[in-house]
Amino acid sequence: MIYYKKYMPCALFLMLLTASVGQLTAQEKLPCLKKVFKKDFTIGTALNTAQIEERDPKAAALIAEQFNTATPENIMKAEIIHPKWDTYNFELADKMVAYCKKNNIAVNAHTLIWHSQLPRFAYGIQSVDSFKTFFTNHISTIAARYDGKVFSWDVVNEALNEDGTMRNSVFLKKLGDSFVTSAFRIAAAAAPNTELYYNDYNNEQPKKRAGCIALIKKIQEAGVRIDGVGIQGHWHLGKLPLKDIEESIEQYAAMGLKVMFTELDIEVLKRDFEGADVSQRMKSDPTMDPYKNGLPDSIQEKLAADYEALFALFLKHRDKIERVTFWGVDDGQSWLNGWPVPGRTNYPLLFDREFKAKPAFYKVIALKK
Ligand code: G3I
């Protein structure tokens, strides 16, 4: 409640104004993230199909008001955009590009090469030559189609293990560890006007970060373009690795890279591991879902304090950070309601299930006052 007090006079004034002119909506009382941080970094969200199709007017209003960049949560992943060897399905991706253009939102396309959410046919490709053809066609067809229409691509996603070695993915098995450099080379040729990034989770952790730096150095030393690195930022309440994050911002920026936080959320429910490896799961039991009927104030305040500390760090390094993207608009949308335990009620974002700003939102905004 304390966080709202500061804005009450403004809110009261606006309510009176609303009543008198009958034009302002409830959301217009809110400060806008994209405006407040305009001189610091862009502010993004992940978008799902329902949001791109504007099925919920409240969500649509909030997205257009708060965010100036967006990442497709699923629809540009290979299993959707490239379902068969010679079949591409651009319908939803085109819709997203049009929706974002209409709302002045820059698109960070996600993702060209990822071991997860691959089309079934890709796992059945036997010969190395055929796999190379799939890999090359996939990247060049999609990257070329959206060049000039999207701002950037997560070219390769999650190629590393926690210890910094290469993940034993189908790409590594078929193409060897130069596949990451090859992916950037093909993307750079197909999309000369698009920024190209490497994206991962836990790559702020020292061991994985060292692997990430080595991987990126390899790309740079091959003379291939890479513009930036994304730290996903799937973190846990009370366990923000602020020191590791700060060191990572500094070390990645020193390599001439733009630094981005690309999938930010702070999980408030119990979990036995860190990160975002979608193959990891946990058993469901009632104690794992304690806030079904609402988040206690004490946890809400902890969440606000974590977001405040994180954004204070982001602002300290605003000269190196290009973008901060939340992995979803509101708590109801978050993938963390379904993973690693299905059917939980999670609260990781700045807006609640009714699209109302949470205390964490006001704490983050207050850093700029
Ligand atoms: O589309 C099907 C639908 O037809 C089916 O009825 C339903 C039943 O389960 O599943 C739907 O697919 C789901 C898909 O999201 C679309 O909603 C998948 O089961 C579900 O696994 C998938 O989860 C996505 C996850 O990536 C998959 O790997 C999450 O929405 C998405 O937020 C998440 O995003 C990833 C980033 O791309 C990379 N970094 C980690 C991050 C979080 O896992």
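From a predicted model like this one, the values you see are computed outputs, not experimental measurements. Both counts, for ligands and for their atoms, begin at 1 and track the order of listing. Each residue takes its place number in the sequence, starting with 1.
Under a 4.0 Å criterion applied to the non-hydrogen atoms of S116, ligand 1 contributes the atoms 28 (O). Interface atoms of ligand 1 facing W335, defined by a heavy-atom separation under 4.0 Å, are 32 (O), 42 (C), 43 (O).
A distance of 6.0 Å or more separates the ring centres of F314 and F37. Not less than 6.0 angstrom separates the ring centroid of F41 from the ring centroid of F261.
Taking a distance limit of 4.0 Å, we find that atom 7 (C) of ligand 1 is approached by no protein heavy atom. Within 4.0 Å of atom 21 (O) of ligand 1, not a single protein heavy atom is present. The nearest protein heavy atom to atom 38 (C) of ligand 1 is closer than 4.0 Å. In this structure, atom 2 (C) of ligand 1 is not in close contact with the protein, since no protein heavy atom lies within 4.0 Å of it. For atom 11 (C) of ligand 1, the nearest protein heavy atom lies 4.0 Å away or farther. Within the 4.0 angstrom cut-off, atom 42 (C) of ligand 1 has one or more protein heavy-atom neighbours. For atom 18 (C) of ligand 1, no protein heavy-atom neighbour is present inside the 4.0 Å cut-off. Atom 28 (O) of ligand 1 is flagged as protein-proximal [any protein heavy atom, distance under 4.0 Å].
In this structure a side-chain-to-backbone donor-acceptor pair under 3.5 Å is missing from H115 to F171. Panel note: side chain K358, backbone L349; a donor-acceptor pair is recorded below 3.5 Å. The backbone N or O of S130 lies less than 3.5 Å from a partner atom in the side chain of S127, making a donor-acceptor pair. Judged by distance alone, the side chain of R209 and the main-chain N or O of E204 form a donor-acceptor pair under 3.5 Å.
Ionic pairing of R344 and E267 is present here: one or more N-O contacts between side-chain nitrogen and carboxylate oxygen are shorter than 4.0 angstrom. Between D94 and R145 a salt bridge is recorded (basic side-chain N to carboxylate O distance below 4.0 Å). Between K77 and E79 there is no salt bridge, since none of the side-chain N atoms of the basic residue sits less than 4.0 Å from a carboxylate O of the acidic one.
From the protein, the heavy atom lying nearest to atom 25 (C) of ligand 1 is Q117 OE1, 3.8 Å. Of all protein heavy atoms, the one lying nearest to atom 31 (C) of ligand 1 is E73 OE2, 3.5 Å. Atom 40 (C) of ligand 1 has E263 OE1, 3.2 Å as its closest protein atom, hydrogens excluded (heavy atom only). From the protein, the heavy atom lying nearest to atom 26 (O) of ligand 1 is K77 NZ, 3.1 Å. Ranking the protein heavy atoms by distance from atom 16 (C) of ligand 1 puts N74 ND2, 3.5 Å first.
Contacts between W327 and ligand 1, counted as non-hydrogen atom pairs separated by less than 4.0 Å, involve the side chain only. Only the side chain of N157 comes within contact range of ligand 1, with a heavy atom under 4.0 Å; no backbone atom does. Of all the heavy atoms of Y201, none lies under 4.0 Å from any atom of ligand 1, so neither backbone nor side chain is involved.
A donor-acceptor pair shorter than 3.5 Å can be found between the side chains of T165 and N161. Using modelled atom types, one finds no donor on one side chain facing an acceptor on the other under 3.5 Å when comparing N346 with S334.
Inclusion of H110 in the set of residues having an N or O under 3.5 Å from an N or O of ligand 1 is warranted. Considering backbone and side-chain atoms alike, W114 places every N or O at 3.5 Å or more from each N or O of ligand 1.
Ring geometry for F351 against F361 counts as tilted: the plane angle lies between 30° and 60°, on a 0 to 90° scale.
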